[in-house]
Amino acid sequence: MTNSGVKEKVRQILDNYLEMYKHRKTPERYAILEAAYSMKGHFSLEDLGSRLERQHFLVSRATLYNTMKLFMELRLITCHRFREGTKYEASYNNSNHAHQICTVCGKVTEIESPDAVEAIDNIKLKRFRKDGFSLYIYGICSSCQAKITRQKRLELKEKSKNNNKHEHR
């Protein structure tokens, strides 16, 4: 589905919900939805607020927070609690995915995981209907691993140098 097709579909979901529960269709809700679905990857409320501000559409932090809460209930937005703070992401057609998270630097990367999706799809749950999942895989990224390896080599070199000094006395 194209990005414009996705945006139209999520707008329709919001419309249906607001009509069904007789809530007002405010310009703020639609502007926040449009901005959220224009963001790439994970974003914070501050990122979203800044995007709206650049579009000359000012909303309060409370409005942003409450609207994102509504979007999470509608499963249009997913909330993640990462090391650098709470992040959100557009989740229509993207509810089953995995993240790898570096425990050293905190870098988060989305990964394709068809085997994990299949395994979770095949799990038989009792008295529970699953709607989607987010999988978090923790480890050390290659950049941090390289830094750790370099640091260990330097420490070994220093230790060796110090041992050689003591032996020659």
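Residue indices begin at 1 and follow the sequence shown.
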Would a distance-only check, ignoring hydrogens and angles, find a side-chain to backbone donor-acceptor pair under 3.5 Å from [X] to [Y]?
{"X": "Tyr37", "Y": "Leu76", "answer": "yes"}
{"X": "Ser113", "Y": "Ala116", "answer": "no"}
{"X": "Arg83", "Y": "Val104", "answer": "yes"}

(request) Verify the neighbour count for atom NZ of Lys87: are there more than 12 heavy atoms of other residues, nucleotides or ligands below 6.0 Å? (result) yes
(message) Tell me if the CD atom of Glu155 is crowded by more than 12 foreign heavy atoms within 6.0 Å.
(response) yes
Please tell me if the side chains of [X] and [Y] come closer than 4.5 Å, counting only heavy atoms from C-beta onward.
{"X": "Phe71", "Y": "Ile32", "value": "yes"}
{"X": "Cys105", "Y": "Cys141", "value": "yes"}
{"X": "Thr86", "Y": "Leu45", "value": "no"}
{"X": "Ile137", "Y": "Ile111", "value": "yes"}
{"X": "Lys130", "Y": "Leu125", "value": "yes"}

Between [X] and [Y]: side-chain donor-acceptor atoms closer than 3.5 Å:
{"X": "Glu84", "Y": "His42", "result": "no"}
{"X": "Asp47", "Y": "Ser44", "result": "yes"}
{"X": "Tyr30", "Y": "Asp15", "result": "yes"}
{"X": "Lys7", "Y": "Ser38", "result": "yes"}

(message) Apply side-chain contact (heavy atoms from CB on, under 4.5 Å) to residues Ile120 and Asn96 and explain how you reach the verdict.
(response) CA-CA 9 Å; Ile120 292 171; Asn96 297 332; over 6 Å; no
How many angstroms lie between atom [atom1] of [X] and atom [atom2] of [Y], to the nearest 0.5 angstrom?
{"X": "Leu58", "Y": "Leu52", "atom1": "CG", "atom2": "CG", "answer": "8.5 Å"}
{"X": "Lys9", "Y": "Ile13", "atom1": "NZ", "atom2": "CD1", "answer": "5.5 Å"}
{"X": "Lys25", "Y": "Glu19", "atom1": "NZ", "atom2": "CD", "answer": "3.5 Å"}
{"X": "Tyr88", "Y": "Leu48", "atom1": "OH", "atom2": "CG", "answer": "9.5 Å"}
{"X": "Cys144", "Y": "Gln151", "atom1": "SG", "atom2": "CD", "answer": "12.5 Å"}
{"X": "Lys107", "Y": "Ile140", "atom1": "NZ", "atom2": "CD1", "answer": "14.0 Å"}

Linking I/L/V/M/F/W/Y whenever their side-chain heavy atoms sit closer than 4.5 Å, directly or via other members, would [X] and [Y] fall into one cluster?
{"X": "Phe133", "Y": "Met72", "result": "no"}
{"X": "Val108", "Y": "Ile77", "result": "no"}
{"X": "Ile148", "Y": "Tyr138", "result": "no"}
{"X": "Leu33", "Y": "Tyr17", "result": "yes"}

(message) I'd like to know whether Glu28 forms a side-chain contact (heavy atoms from CB on, under 4.5 Å) with Phe57, so could you lay out the CA-CA distance, the side-chain angles of the two residues, the decisive distance to 0.1 Å, and finally the verdict.
(response) CA-CA 8 Å; Glu28 290 81 4; Phe57 202 101; 3.9 Å; yes
(request) Test side-chain contact (heavy atoms from CB on, under 4.5 Å) on Arg29 and Leu18 and set out the steps. (result) CA-CA 10 Å; Arg29 286 179 173 145; Leu18 295 174; 3.5 Å; yes
(message) Can you tell whether the side chains of Glu34 and Arg11 come within less than 4.0 Å, N to carboxylate O?
(response) no
(request) Using a strict 4.0 Å threshold on nitrogen-to-oxygen distance, state whether Glu158 and Lys161 make a salt bridge. (result) yes
(request) Show your reasoning for whether salt bridge (charged side-chain N to carboxylate O under 4.0 Å, His left out) applies to Arg61 and Glu46. (result) CA-CA 9 Å; Arg61 185 165 176 83; Glu46 291 76 22; 2.8 Å; yes
(request) Go through Leu154 and Arg150 one step at a time and tell me if the side-chain contact (heavy atoms from CB on, under 4.5 Å) criterion holds. (result) CA-CA 6 Å; Leu154 283 173; Arg150 280 194 302 274; 5.6 Å; no
(message) Looking at every heavy atom in both Ala90 and Ala36, which two are closest together, and how far apart are they?
(response) CB-O, 4.2 Å
(message) Which heavy atom of Ile101 sits nearest to which heavy atom of Gly106, and what is that distance?
(response) CG2-O, 4.5 Å
(request) Fit a plane to each ring of Phe82 and Tyr136, take the angle between them on a 0 to 90° scale, and name the class: parallel (under 30°), tilted (30 to 60°) or perpendicular (over 60°). (result) perpendicular
